[in-house]
Structure formats: C-alpha cells, structure tokens
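Working notes, structure below.
Here the structure is a predicted model, which is why all the values come from computation and not from measurement.
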Amino acid sequence: MPLEEPPLNRIIVGVLHPQIRGAGGDDYRQGLAEDEALADGAQTSPNEGVTEQPVSLSRSVKPSSMGLTFAVDPLVTKRIVVHVSARRYQPNEDGSWNPVEVCHDHGLIVETATPTRINEAVADSSAALRIVGVVRAASGGLTRITLSLVNDHDRSQIEGHVDRYCWFRPQITVSVSEGQFVDRRRPRESRHSDEDARSAEFLYRSEPSLAIGHGCAVTWNSTVAGATELRTTFLPSHEVQLANPSGGDETDDFGTYDLRMDHLAEGSGREQLAELVLAYERWIAQRRSDAQSFNAGHRDVAREHLDQADRCAARIRAGINALDDPQIDRAFRLMNEAMVKQRDAQDNARGSARKVQRWRPFQIAFILMNIPGLANPEHDDRGTVDLLWFPTGGGKTEAYLGCIAFSILLRRIKRPADGGVSAIMRYTLRLLTRQQFERAAGLICALELLRREHLSESQPISLGLWVGGQATPNKIQDARTILKKVARGEEPDGSTPIQLLRCPWCGEKLDHENYDATGESLIISCGRLDCDFREGLPLHVIDSDIYRERPSLLIGTVDKFALMSWRPEIGPLLATDGPDSRPDLIVQDELHLISGPLGTMVGLYESVVDLACTGPGRPKVLASTATIRRAAQQVRAVFDRDAAQFPPPGLDPSDNYFAKDAASDEKGTRQYLGVMAPGTSQATLLVRIYSVLLQAVSDVQMEDKVRDTYWTLLGYFNSLRVLASTYLQVLDDVPDRMGVVAQRSGGQHRKISQEPVELTSRVDQTRIPRAMGALETAYPSEDAPDIVLATNMISVGLDIDRLGLMVVAGQPQSASEYIQSTSRVGRRYPGLVVVALNAQRSRDTSHYESFIPFHRALYREVEATTVTPFAPRARDRGAHGVLTAAVRLLEEGLRQDGSAVQIEKYRSEVERIIEGLVARAGRVAPEEAAPFAKQLRVLVETWRSAVDDGLVERYGAMKHPKSRPTLGEHPLLTTASDNSEPASYPVGQPPWPTLTSMRDVDSETHLYVKYLAGQD
C-alpha cells in the first residue's frame, strides 16, 4: 500500500539509513579488509582483534546496519541457510511513495566448519544492500557466526531527502536442516560457588540464549527438537505466563483436600491439613524420582532443592501437631474465624454475595510451618527468617496476616492482661504502607469483634499507622488544625489524619467529619448506624496516640525506626520495661527493597530493634518478596538470622507444588513488547506509542469490561525529569497525534478527558488516597482516568486488578524493579507492557538486543542486593545513632531527654549494651567486630567527657537541619541534614549529627556552570 507522506515521517522503527562515511566508513572498510585477510588464510584467528564494523554501524545514531550473532555445533550442523528481505520506497509524482520489496532469491548457504568472511549483495549490486558476516573458528566445540545487513549508500553522495535511499523492515532469517541452534554463551562450571547462581542455572537450564541482535532483537521457534530457525525483529515480544497458586484441587495428581476457613474455625478441618502435607510429600518423592535421570551436576542441585522441600514438609507437619495444644488450637481456630469475618465483610461492602472462603495451599502451609516458632519464644525457628517467595499478586499478604492474627490471639489466650505491640509490619514506601494499612484494618476489626465475643477479659486489639510527619500528624493538636482546614474547604499541605476514605468493615464512605480530634486522641468513627464500629474504629494514625495505646499491630516504614535515637516513647512502645510482652513477630514486606544504602542503614539500626524486642527469646521474623537473589546473605546482614525460602524451588521454575505457571486459558498472560527508535528522540517515541495505544483501545470493538482493562494507560518512568516532560506532551502532543492516528484508521478521535493522574514523590501525600481511588474507577465512568504517570512509587503495593496496559519509558535500573513494576498490570485479564527503550543508552540497547532470552528467563536475571551494615562508612554515619538508640531503649534510667548527663552512672549497663551490639557484628561481619567495638567505646568516652566539660546537658530534639542552634543549649545530638558534610563523619565532639531518616545517606556533589566575562 502506498504511503501518502515521506517514509521517514511515518516510520521510525526498523530503518537502515545511508552511511555517513566520515563517522565510521573508513573503519568499516578496514574491518572488511581484515575479514578478507582472515578468509584468505592469514595466521591470525578470526577471534583475535577483529573489529566487526557492520555491528558497530548498528549502534550509530542513525544505524546503517542490523544483524545477529548465534552459535552452532559444526559437527552436527554443517551448514546454515540465510534469507534476507527489506523494503524501500520510490516517490511518485503525486507525492505518494510506493514500496519495493527486495529479497535474496534462493537463500545464502554458509558452511560452518571453515572460518570465512561473507560479503554479498542482496538481489543486484545496484540495490546497495549487502549481507556481511563472519564465521569464526570453532571454540569449545561451538562455531559463532555474525551476520549483518548493511545499507551501502553513502550519505555524502546524496542531495536532499534520503527517504528513497533508506531500507525499511529489514529482516534476516537463518535456518538449519540438520541439528539445531545452541546456547551461544560459554558453558559455566556446574559446581558454581554461588548457590543462588547454581540454582538459577539449573532451574532455567531449558532456556538458552540462542542469539543476540545488533540494532534489533532475535526470536526463534521452540520445539521438542530445539530451535531450527532464527529471525530478526524490530518489535520483539514475549508472553510471560503468570503463576497460579496450586494444590489440592481436581488437577492435583498427588492428593485432594479442601481448605475451608469455616471448617478450620470449627476445628473439623484437621484431616484436610494432613492431606495437604501428604500430597506435598508425594510430590517431593516423585520429583526425586524424576531427578535420577539428570546429569551429575544437575542431580546435585535437584537434591539440594528437594532437601529444602523435605525440611519444609516436616515443619508443616510439626505445625499441625502443635495444634494438639488447646491454647494453640484455640488461637488457630479464632484466626480462621477472623479471616472468614474479614472476607465476608469485604463481600458485603462490595455488594456481592457471600461465598465459601478457602485458603490457598501455600498460605495455610506457611502459617502452619510458623506456628511452633510463634507459640514458643525459645523455639529454634526464632533464629530463622522465613522468606515467603511468591510472584506478585499471588496472595502473600493474606499468608502473613494469618500469622499476625494467630500471634495477637495467642498472646491474649495465654495472658489476658498482656497487651501492647504483638507484631510489627515494616515497609520501605509510604504508598505501600498506607495500602497495607487499609488491608490490615479489616482484619484488625474482625479480631477485635472476636475478642469482644470470646476473650472479653483480654486487652483490646488495635492497629497503628506509624509513618512519619510527612504523611500523618505527630500530635493531636496538629490533627485538629488540619481537620479544621479541611472543614473550611482548604487543601492540607503534607500530612493528614484522613488516611481511610472508606470504613474498612462496612465500606461506608469516610470524610473529615468521621475524624474527631476534639479530645485527647483521634477517634475515627463510621457514620453508618448499623456498623459495629460506629462508636470508633480500633485504628490509630497519630504518633501520640500510638505511643499511648501501643496498638497490637504496628505498621510503619523502616525510616521511622531512626527515631529510636530521638524519642523516649519508643522504649515503652516496644515494652522494653514491661508491663506487656515484647513484640513476638516482625514482618518485613518487599525484602528486596532493603538493599543498597537504605538496606545498610536498616541493618545497622536493626541491631537495636533486635535487642529491644528480645525477651525470653528473639522475635520471629517473616519476610516476603517476589524478586530476590542471595537472600541468605541479605537476611544474615540485616536480621542476623538464617534464611529459609518458602516455597522451596522444585526442578523447574514453573512448578514448586504450591505454584504452577497457568495456561493462558486459565489465567491471563502478560505480553511484553520492546520498541526502540534510533535516530528519534525518546520523547517522540513515547508520543507515538501513547497515541496509537490510546486510540486503538477506543477503535477496537470489545465489551466494556474488556475495554476497561486497557482504558487506563499506566506510564512508568525511571526519573521525574522524563515524567515531567511526558506530562506536558500528554496535554498537547499526544491528543494531536491521536487525531492523526484516528484519521488514518477511519475511527473516531478519542478525547483525553482529564489531566493525567500522577503517582510520584512530588505529589502531596494528602492527594495520594484520591489518586488511588481514581485508579479504581472503571470504564465507562467519565471519571475513569485515561493516563496515569508514575515512578517506582507503584513498583510495589499498587494492587488494582483493572489495570492492563503499561508503557515503560526506558529500562528500569534493576531486573527486580522491572518485574515488580510491570506486574502492576494484567492481573485480571491479559496485560500488555510496551517497553520504550532509549537508543542513546547502552544498557537499554543491550536489553533490546537480548529482549527474548531476557524475558524467557525473567527471574533468572534478578540481581543480587548488597547490604553492609558494619562497613566503616556505614558505622561512621550511624554508629553514634545506634549507640544512643540502644542506650535509650534498653536502659530506663537513660531514656528521658535530660538523662543524657547520667551516662557515667550506668557504665556497666552501657558496656553490656555494647557487648550485645558487637556480638551481632561478629556474627554478621566478623572482620568489623573489633573496629566497631573500639568505635562504640570511643563514642562513650567522648560522651562522658563532654558531660564532664558541660558540653552535653540533654539528648536534644529534632529540628530542621538548617535551623540555628539555641543559645546556651548543649545537646548530645543534632539533626543531620539529608546530605551532611562528609567531614562531619565519623563524629567527634557533640553535638553529633544523627539521622532522622535512613534514606538520604549518600553525599551529593553540586556542579555549577560559570561563565566568565570576556571568555567564550
């Protein structure tokens, strides 16, 4: 079909431009000469010093070539057949352009046994399109071959527009009639020293990297016999199957069971739990039999995986046996009843009929294996972090909410007068923390109702949100002021006590009138007369209320624990001096985010948390993630515990018994599509992608419920700068371009009805709840958003099932972030993720060229995280804060502000605290224990000397880092700025700059451009 405009105006992907000789042509000729010399029998090997200029031409700003590199076994595959095709356009007098197809008529046959150079014209010599390649000498039993299509036109010889001299849609197809294409990577040692790497190589042994593109991507067919054809593509795509929780149904070959919550609540479902563990044990036995056919290296790794599974099955069985204890059994039954009540309440709030509530097998198995450790403070399991590893959207939250409910109930069954904080849930992002607060609120309401009914003599059950002054007020006076502003119709800036927009129990809408701050505490009441919580919900969102009430479940950000150095109230909150028991359980969600500088500081301050929460035994720690590598090392560094992954891996990534990859007809898949447009700005590429996707959703005929899935386009960005630019384009350029697209397709121009919804750190916290509410608004409502622009704020915790369309602007910084962010779409129906890669970034180009192998083994590509809590620079930043926090939490006589001068009086107690901190460092990083001990003791001596000299009179209060010190004030601590001067560390004489946040710990360097008079 002719084009009505110049081709380069219409087509920006898959173009070979004429060569700019001065920018690489001479090197290209030299490369061909070198290849020719090698082919003529020169002694130099084809693998030594060859500059593959056809490949380099694919990396130009306007590429002149494209190609691929692959490998074959020359003893099996003696020749390959190459077919190429491309299109050019010829102008007509009326301004239209006719396509002209060019291809290699009979295919090019290449022998693989002999090193050689390939340089042939495609069709006829006048076409100026050549196929160039190198067959290298065999190495390690493999012959590696590179083939490229090159536009041989010289740009300097062309006057005017170059459209007619460009090649469009070039493609290389390589096929074999004997053998198959083989993994082009060099073979790795089967006994890899890294256990995680060895495990990943084993699990993804059936997903080789057969080819890599140059300026394009490569796809291939996969059959039982292997891949026999490779094809280059400029729009690579791969369909990722989603995991489905499995086990116990009619498709389970190892046993059937019914995990009804109501039956378990009644005590009649114990035999079903026994069937679960029996089925799992049968699955393990079958996999052991399957592994016997593996080679020795793979068989060893398989044995390691199945040994882990055996230990897991034994722990599940131990959890079932623990239910013989009447108190444990009662807590377990009430926990199940609470889960039923919570889900029934959710159904009522949605207006849907109640249904039978069931556990997914992995959820109840995880709870069972942790019951012995939760029930007994001195159990060995307290020394292990159980890491719940399950794909995003699989139901991890319900699993550890069950553990939390069990822990809260068991405390009240054993000791009715024992209240306080039973469990702590920690997150890294405020958005995720707030969302989980909403989800946990329903469970806490159910638990409190059950307590009133069955455990009326015990302490009340409540939930606290502890996230910091930027999100929620610290004091009741602040909450009162904010609520008055809202009542006057003003928008509050920053924090707000209005964290819930609906009652978590009945679903009734909540506004400022449901938040009462007239008394000494904030009371959140449901306005519905028949709601069980019309007199007040068991929820606390203000710091002063949390310190006073000590809620049963405390949800907060890891940042908040930096306040241990500053707030005397945190000691009583954690019951370090009674009267209640210390926390039994700590849940760290999204463990993979506890990495880098943040993870390092969290690990250092965790030393204090662990000491403060240790009573008769250490607290039990649970963690969850969908993406992590080297979890054992990370858990040891942060929590000073062993790690146990659940579910343990099986023999391949698609089946670990508790989760299996679902077929596309059972559960929607997620389609990834890569796009890169060299020679075109990233902004133009995004405008074109947004325009065509938004218009297509309007044009295509489909049901409203399907259209709703793709109606809202979720744009994901790695930087605020690019997002801000796209925000403006969405207001102007995208609607205009959509009109062009609609005119071409003959459809009706879709109107963008509103400004984009933004979910980033620059959006005021008070607006986040409304933004989240807008995302849940379904088409055909006029309020359904057209476009949402977001950063990594949404990479965890955005659980909105209706979203099915995403555009990722540039490859995210890590594979973990990529998986997490793109998992936000395609949960209910099949999802589409378009990855707009930036050709000016080498990392983006690399991902584009290896798009298919990367996505075929997506979880294999997750990078290891780094956490070094006792490294010298980490200690310089945080050792004094850790020392102060430990002293204030663990020694009541040194807790209050003015007691800083009593340091000499508690010399022996402080020394015991130091010994506890150093012992942890010895287990985590033995080489750092002695320097850490010396540093802590020097800090104590500096503290004592400063007190003697009158330089320290109190701990001090948090102030703005740039505020002027009060005259005559002598604090031990001063607020560290986000990026205090490096010279401030390690600290010397007080006041010590001390962290109030664990995030901004890296120094920044400011660069200024100065223009001097009289100079160019």
Side-chain angles (χ1 to χ4, degrees), residues 203-204 207 217 219 222 233 235-246 389-396 590 592 625-628 652-656 659-675 689-690 692-694 696-697 700 702 705-718 775 788 790 792 794-812 814-837 847-848 850-862:
L203 289 173
Y204 292 97
E207 295 294 348
T219 186
S222 294
T233 176
L235 292 174
S237 65
H238 183 72
E239 189 176 65
V240 174
Q241 291 181 303
L242 305 185
N244 226 7
S246 61
W389 192 98
F390 212 82
T392 301
K396 295 187 297 292
E590 306 298 348
H592 63 279
T625 185
T627 51
I628 199 167
D652 60 68
S654 64
D655 179 15
N656 61 29
K660 294 181 180 179
D661 283 354
S664 57
D665 57 345
E666 295 177 16
K667 189 174 185 178
T669 58
R670 189 176 297 118
Q671 185 88 15
Y672 288 84
L673 175 69
V675 185
I689 292 174
Y690 276 49
V692 72
L693 290 175
L694 289 165
V697 172
V700 177
M702 61 184 89
K705 68 176 183 180
V706 178
R707 195 185 308 276
D708 172 56
T709 302
Y710 310 104
W711 187 258
T712 300
L713 189 155
L714 178 58
Y716 184 83
F717 296 84
N718 299 305
L775 284 180
V788 179
N792 64 355
I794 62 141
S795 62
V796 289
L798 184 69
D799 298 327
I800 298 176
D801 289 346
R802 63 174 290 268
L803 299 176
L805 181 62
M806 173 181 275
V807 176
V808 180
Q811 186 68 26
S814 68
S816 176
E817 183 182 342
Y818 181 64
I819 295 169
Q820 293 280 353
S821 59
T822 57
S823 297
R824 301 305 112 191
V825 299
R827 295 191 172 192
R828 185 191 305 170
Y829 297 109
L832 174 62
V833 178
V834 180
V835 188
L837 296 153
H847 275 276
Y848 178 65
S850 58
F851 193 89
I852 298 300
F854 177 80
H855 286 84
R856 288 175 73 98
L858 200 51
Y859 284 87
R860 179 177 63 191
E861 305 301 330
V862 173

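For Glu239, the side-chain hydrogen bond (donor to acceptor under 3.5 Å, both in side chains) partners two or more places apart in sequence, or in a different chain, are Thr669. By the ring-ring contact (aromatic ring centres under 6.0 Å, His included) test, Tyr672 pairs with Tyr818, His855, sequence neighbours left out. Under the side chain to side chain contact (heavy atoms under 4.5 Å, CB included) criterion, Val700 pairs with Met702, sequence neighbours left out. Partners of Arg827 according to the salt bridge (Lys or Arg N to Asp or Glu O under 4.0 Å) rule, which considers only residues two or more places apart in sequence or in another chain, are Asp799. Partners of Asp652 by side-chain hydrogen bond (donor to acceptor under 3.5 Å, both in side chains), not counting sequence neighbours, listed by chain and number: Ser654. Not a single salt bridge (Lys or Arg N to Asp or Glu O under 4.0 Å) links Glu861 to another residue, sequence neighbours left out. Arg860 is linked by a salt bridge (Lys or Arg N to Asp or Glu O under 4.0 Å) to nothing, counting only residues two or more places apart in sequence or in another chain. Judged as a side-chain hydrogen bond (donor to acceptor under 3.5 Å, both in side chains), and not counting sequence neighbours, Tyr848 has no contacts. Partners of Thr712 according to the side-chain hydrogen bond (donor to acceptor under 3.5 Å, both in side chains) rule, which considers only residues two or more places apart in sequence or in another chain, are Arg802. A search for side chain to side chain contact (heavy atoms under 4.5 Å, CB included) contacts involving Pro245 returns Arg360, Phe362, Phe390, not counting sequence neighbours. Looking at residues two or more places apart in sequence or on another chain, you find a ring-ring contact (aromatic ring centres under 6.0 Å, His included) between Tyr859 and Trp389. Listed by chain and residue number, Lys660 satisfy the side chain to side chain contact (heavy atoms under 4.5 Å, CB included) test with Ser246 (two or more places apart in sequence, or in another chain).
In this structure, His238 has its ring center at least 6.0 angstrom away from the ring center of Phe851.
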Evaluation steps, side chain to side chain contact (heavy atoms under 4.5 Å, CB included), between Val825 and Leu714: CA-CA 8 Å; Val825 299; Leu714 178 58; 4.2 Å; yes
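The shortest distance between side-chain heavy atoms of Leu832 and Leu693 falls below 4.5 Å.
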